[in-house]
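In what follows, chains carry the letters A, B, and so on, assigned in the order in which the sequence lines appear, proteins first and then strands, with residues in each chain numbered from 1. It should be emphasised that the depicted structure is a prediction, and the values quoted were computed from it without experimental measurement.
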Protein chains: 2
Amino acid sequence: MGVTIKEVAKAAGVAPSTVSRVIADHPRISPATKKKVKKAMKEMGYHPNANARGLANRSTQSLGVVMPSSANKALQNPFFPEVLRGISAVAHQLDYSILLSTGEKDEEMLEGVERMVYANRVDGIILLYSQVNDPVLHFLLEKDFPFVVIGKPSERVDEITHVDNDNIRSGKNITNHLIDLGHENIAFIGGSTDLIVTIDRMRGYQLAIEEAGLPYLEEYRVHTEFLKSGGSQAVSELFNLPKPPTGLVIADDLMSIGVINMLEEFGMLVPEDVSIVSFNNVYLSEVTRPPLTTVDIHIYELGYQAAKCLIDKVKNKLEPAKRIIVPFTIELRQSAQSREKTLNE
Amino acid sequence: MGVTIKEVAKAAGVAPSTVSRVIADHPRISPATKKKVKKAMKEMGYHPNANARGLANRSTQSLGVVMPSSANKALQNPFFPEVLRGISAVAHQLDYSILLSTGEKDEEMLEGVERMVYANRVDGIILLYSQVNDPVLHFLLEKDFPFVVIGKPSERVDEITHVDNDNIRSGKNITNHLIDLGHENIAFIGGSTDLIVTIDRMRGYQLAIEEAGLPYLEEYRVHTEFLKSGGSQAVSELFNLPKPPTGLVIADDLMSIGVINMLEEFGMLVPEDVSIVSFNNVYLSEVTRPPLTTVDIHIYELGYQAAKCLIDKVKNKLEPAKRIIVPFTIELRQSAQSREKTLNE
DNA sequence: GTGAAAGCGCTAACAG
DNA sequence: CTGTTAGCGCTTTCAC
């Protein structure tokens, strides 16, 4: 095994506790011994043992990150690597490790989180999703374990630190963009209504539609699992309505790509026949054809802020619950065009 | 903090070591005490402390997973979540945790791995990529730390346990598919030649081309960073050649999607004007338009096998180096069609 | 400013 | 089969 603190101590001619103090950058230590010890550490290639440290001061310097269940294909959404990038950045900077947890089924996920918490493997946890009635959330709440969620918690919003976008407002804004382009029949396509993000974005859509005095129709709202076979049917039904939509608000870029391809199969072009706007601005949305008009939610920043909040919270149990709203911007690209143009073609 | 082994011992009226034995499922322990202890554990909500365990028996029950640097957009490739799924599956099953490491720059990545190793945070490491002259690989080799790579190591192939596909053969097969379809001018588009996977797939392409007596031309080989702006130019040059290709072998599905869109910009359709085949069979390749003819490399299985190998190796330092080749299959879809058809249209 | 000693929670001989 | 006794490597009072 590696060099231990004792060996360093002996080599430097001091006590182990002194070496420990040097590691911790203790104030009351003479520059001379400090230098001496540091030299010995370097020469011997000393590195503190995380386990021993953790055991001695009941902390782990690591953060748990919980991805959603991989049962659906949602995990393949580039959202996750991107948010991980943000988390990693601060973790690396502040010398934290990242423990990843996911699972095929919901039950497996809970098990994973329980293990992290019970075994004392992490100091805190970041939830990369938010859905109604989440057993993981309940568990964390019950154990009073430090955690933050990316997205808006489905309950106890004021007691749970979370980092989110204003999805209602962005939903409203992006829908308004379609309205400004002259569209009057605008449908909404989103994923599971168990996800808070879907709910919020649809709510924004609703607000814009109603404020503009346009019809907020049941038939205009489609909820389908990401790109599943059933999705194709749902979308086709939309276009068999007496008044098919000319504009689509879609809750996720990846879904948009799927929908665009479905539409093409039905012989409809985007944006010539139907305009599409969506959310996230993942990298793909820029290089797909047509490039997507989409809400940039600044995924990296979501991860970055969440990690910072969590570390604050971990270091100070009394840190109050915070809500951080990361601003969004709208990327205008080619998937949406004016209704006029649509008609003239 | 949580319940300790001592408290359980006292409650069950046995010694701590007995409790420890029960936890470890030690053979020589009477069913009676075993039951008694288990009952106490359950009642008190006991969970062993991972740190203390690790410290006492110098092991961590966790695996480090190293993703490539996030400097380029490669991280957004659905390959990674998918391979993580495979790793997670066995990790969960065998009660291992997953420590994730990545970094913006190469240097940061090395730092991350060093920390994992030096601080004794992981028992072994999985490298999710393989490139030439990788400092991380060198470090691991030098420290003689247990690790496996997914892909083919750039050096010391026989000494390093790795899980890979036969990328040369798959490259050859899929190129042959294009040849069988009657294509004679076939180009190759791949990412960085620092990546072994690119090299192998191109090599397969070369073999097929040469075996068929077709021209293996310098101008037919394009290496471009994934979907970068430069990529567009490189691709356009390809089609300004005196004999532009009618078939494209592309080293990665995501790249294919980018290329298809570029081509469309130039007014060329896939597969009508040019046929495309590629690799990985990520979920997107099935729902994109056209669906991609691609090599299914069984990503999940790669992760699954890698994790198993690593755990074997961790448990038994003497485990010999292995090479596991995960078989590939070819998914025939619509992005490639016969040269005849191409001409007739 | 530094050392001695106790202990974090668990495991692993060694006895018996 | 089970209890006793040492630690694993580090931190942290408490003295000096």
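- At whole-Å resolution of the value, NZ in Lys6(B) and C1' in dC10(C) are 10 Å apart.
- OP1 and OP2 of dG9(D) both lie 4.0 Å or more from every side-chain N or O belonging to Tyr118(B).
- Across the protein-nucleic acid pair, Ile5(A) atom CD1 and dG7(C) atom P stand 19 Å apart, rounded to whole Å.
- Nucleic acid contact class of Val19(A) (heavy atoms, under 4.0 Å, all strands): none.
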Cut-off 3.5 Å, no hydrogens considered: what does the side-chain donor-acceptor table look like for residues 132-141 of chain B, sequence neighbours left out?
from	atom 1	to	atom 2	distance (Å)
Asp134(B)	OD1	Val136(B)	N	3.1
Asp134(B)	OD2	Tyr129(B)	OH	3.0
His138(B)	NE2	Glu155(B)	OE2	2.7

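- The 5' end of DNA chain D is approached more closely, in terms of each residue's nearest nucleotide, by Ala52(A) than by the other of Asn57(A) and Ala52(A).
- One can place CE of Met41(A) at 13 Å from C1' of dC10(D), the figure rounded to the nearest angstrom.
- Within residues 25-39 of chain B, the residues that have a heavy atom under 4.0 Å from DNA chain D are, in order of number, Arg28(B), Ile29(B), Ser30(B), Thr33(B).
- Applying the salt bridge (charged side-chain N to carboxylate O under 4.0 Å, His left out) rule to Asp194(A) yields no partners; only residues at least two apart in sequence or on another chain are considered.
- Residues passing the salt bridge (charged side-chain N to carboxylate O under 4.0 Å, His left out) test with Arg156(A), sequence neighbours excluded: Glu159(A).
- Here Thr4(A) does not reach the OP1 or OP2 of dG9(D): none of its side-chain N or O atoms lies under 4.0 Å away.
- Between the CG atom of Asn51(B) and the C1' atom of dC10(D) there is a distance of 11 Å, given to the nearest Å.
- Listed by chain and residue number, nothing satisfies the salt bridge (charged side-chain N to carboxylate O under 4.0 Å, His left out) test with Lys313(B) (two or more places apart in sequence, or in another chain).
- Taking a 6.0 Å sphere around CD of Glu104(A), one finds it holds more than 12 heavy atoms contributed by other residues, nucleotides or ligands.
- Straight-line distance from the OH atom of Tyr46(A) to the P atom of dG9(D): 10 Å, rounded to whole Å.
- Of all non-hydrogen atoms in Asp158(A) and Ala321(A), the two that sit nearest each other are O-CB, 3.5 Å.
- Leu55(B) has its CG atom 9 Å from the P atom of dC8(D), to the nearest Å.
- Counting to the nearest Å, the C1' atom of dA12(C) and the CZ atom of Arg53(B) are 13 Å from each other.
- Applying the side chain to side chain donor-acceptor pair (under 3.5 Å) test to residues at least two apart or on different chains, none of the pairs has a partner in residues 8-18 of chain B.
- With sequence neighbours excluded, the residues satisfying side-chain hydrogen bond (donor to acceptor under 3.5 Å, both in side chains) with Gln305(A) are Glu301(A).
- Considering all non-hydrogen atoms of both residues, Ser154(A) and Gln131(A) come closest at OG-O, 3.3 Å.
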Below 3.5 Å between N/O atoms, which protein atoms pair up with nucleotides 4-7 of chain D? Just atom names and distances, please.
from	atom 1	to	atom 2	distance (Å)
dT4(D)	O4	Ser17(B)	OG	3.2

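- We find that CD of Gln61(B) is positioned 11 Å from P of dT11(C), with the value rounded to whole Å.
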For residues 38-45 of chain B, dump all side-chain donor-acceptor pairs below 3.5 Å to protein atoms at least two apart in sequence or in another chain.
from	atom 1	to	atom 2	distance (Å)
Lys39(B)	NZ	Glu43(B)	OE2	3.4

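- Over its length, the helix from dG1(C)-dC16(D) to dG16(C)-dC1(D) turns its helix axis by 30°, as judged from the five terminal pairs at each end, rounded to 10°.
- Proximity of Arg58(A) to the phosphate of dG9(C): a side-chain N or O atom is located under 4.0 Å from OP1 or OP2.
- Legend: residues meeting ring pair (Phe, Tyr, Trp, His ring centres under 6.0 Å) with His26(A), ordered by chain and number and at least two apart, are absent.
- Contacts of Lys34(B) classified as salt bridge (charged side-chain N to carboxylate O under 4.0 Å, His left out), with partners at least two apart in sequence or in another chain: Asp25(B).
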